[in-house]
Amino acid sequence: MNWLVYHFVSGQSFFSGGLLMIAAVLLAKGKRPIARRVAVLSFLFGAMAVVLSSTPLPYWSYGVLVLVTVVWIISRFRRTANRMISVSLVAVFVAAMAWEAAFHFLPAPAQQIADTPSLTIIGDSVTAGMGEKEAETWPKILARTHHVEVQDLSHIGETSASALKRIQDQTLTSSLVLIEIGGNDLLGSTSSAQFENDLDAMLKYLVKENRRLLMFELPLPPFFHEYGRIQRTLAARYDVALIPKRYFLDVLADDASTLDTIHLSQAGHQQMAETVWRIIEPMYQP
């Protein structure tokens with residue numbers, strides 16, 4: 001995967017963009033023409049990086065960012081810029097980056113779930129594979145190498161709606177459920193409103209006392225903020241632990257790990273198995 005694509009899809013460009021915006025504020029104070037030109041470039045590239053990062057901040061947060069930024073721009077054109085406006089712009093970007101940073105770290109491990117490691121997996125073709133008979137998918141590798149009792153309910157082409165129908169016909173065997181769903185909704189014909197309804201219904205069905213839910217956060221292409229915002233909102237509502245998108249992208253980043261930049265090769269399945277084990281292992285520690 002190209003490093004620039006990774007930078008944007010992982011959401012890291014939100015931080016680089018925010019730093020560029022702050023740099024623009026500081027450079028704009030300079031009296032030399034070169035400093036002002038660099039400030040303009042820093043502002044343009046920073047704003048572009050923030051927008052294309054598809055960071056799913058709350059609407060009100062983006063509203064504050066836009067409002068303060070516009071006030072700062074107007075003040076520069078009218079030559080009425082003052083320290084308070086500049087400080088305010090820096091402050092809102094620092095606050096927004098601090099807010100977003102929390103979603104780039106794994107949640108604290110829950111208390112020990114069970115003595116014997118077990119896991120129910122709900123996923124699409126990234127987990128189920130592409131139907132290759134010779135392939136050993138990452139759930140099978142996880143079960144074999146780390147002695148985890150795995151119930152694999154993944155299926156090729158799965159969406160949030162079809163996943164709900166599938167699990168309703170099954171008895172879930174583990175108190176820990178890992179959800180790798182949403183890619184086909186995002187890249188297919190599922191609208192954001194329908195995705196919200198489907199994911200809400202699935203999580204509501206899965207929520208149960210003494211059951212822990214984990215969900216991979218979706219890597220987001222530019223202008224797909226809403227899908228990420230829906231995931232975060234519903235995860236908070238149903239106490240689902242979100243796995244930062246970089247964990248998934250770190251597997252896809254190696255060209256040898258994928259068949260087509262998305263679906264996993266055998267090496268990719270091996271890497272994903274180890275990634276998932278690192279995530280769930282602390283939950284089985286006494």
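Only a predicted model underlies this, so the values are computations on that prediction, with no experimental measurement involved.
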Practice item. Tell me yes or no: between the side chains of Q151 and T120, is some donor less than 3.5 Å from an acceptor? Key: yes

Check your understanding: Regarding H263 and S125, is there a side-chain donor-to-acceptor distance under 3.5 Å anywhere?
Key -> yes

Review point. With a 3.5 Å cut-off and no angle check, do the side chains of S175 and N210 form a donor-acceptor pair?
Key: no

Practice item. Taking the side chain as every heavy atom from C-beta outward, state whether S174 and E149 have any pair of such atoms under 4.5 Å apart. Key: no

**Study point:** Plane angle bin for F248 and F216 - parallel if under 30°, tilted between 30 and 60°, otherwise perpendicular
**Key:** tilted

Point to revise | Side-chain H-bond candidate by donor/acceptor type, D198 with S160, under 3.5 Å | key: no

Practice item. Answer yes or no: does atom OH of Y62 have more than 12 heavy-atom neighbours from other residues, nucleotides or ligands under 6.0 Å? Key: yes

**Study point:** T159 and S162: side chain donor to acceptor below 3.5 Å
**Key:** yes

Exercise for review: For residues S86 and V25, report the shortest heavy-atom separation together with the two atoms involved.
Suggested key: CB-CG1, 3.6 Å

Check your understanding: Are V94 and V92 linked, directly or through other ILVMFWY residues, by side chains that come within less than 4.5 angstrom of each other?
Key -> yes

Check your understanding: Is it true that D200 and R237 have a side-chain N and a carboxylate O under 4.0 angstrom from each other?
Key -> yes

**Study point:** Listed partners of R144 passing salt bridge (charged side-chain N to carboxylate O under 4.0 Å, His left out), at least two apart
**Key:** E136

Review point. With a 3.5 Å cut-off and no angle check, do the side chains of H225 and T55 form a donor-acceptor pair?
Key: no

**Study point:** Y59 six-ring face occupied by R229 cation (under 6.0 Å, within 45°)
**Key:** yes

Check your understanding: For R232, what residues pass the salt bridge (charged side-chain N to carboxylate O under 4.0 Å, His left out) criterion, not counting sequence neighbours?
Key -> E100, E217

**Study point:** Check against side-chain contact (heavy atoms from CB on, under 4.5 Å), V251 and T275
**Key:** CA-CA 8 Å; V251 176; T275 295; 3.8 Å; yes

Review point. Can you check whether F195 and Y227 have ring centres sitting under 6.0 Å from each other?
Key: yes

Check your understanding: With no hydrogens and no angle check, do the side chains of H146 and E274 hold a donor and an acceptor under 3.5 Å apart?
Key -> yes

Practice item. Measure up the W99 and W60 rings against each other and bin them: parallel (under 30°), tilted (30 to 60°), perpendicular (over 60°). Key: perpendicular

Practice item. Locate the shortest heavy-atom distance separating G228 from P56; write the atom from each residue and the value. Key: C-CB, 3.5 Å

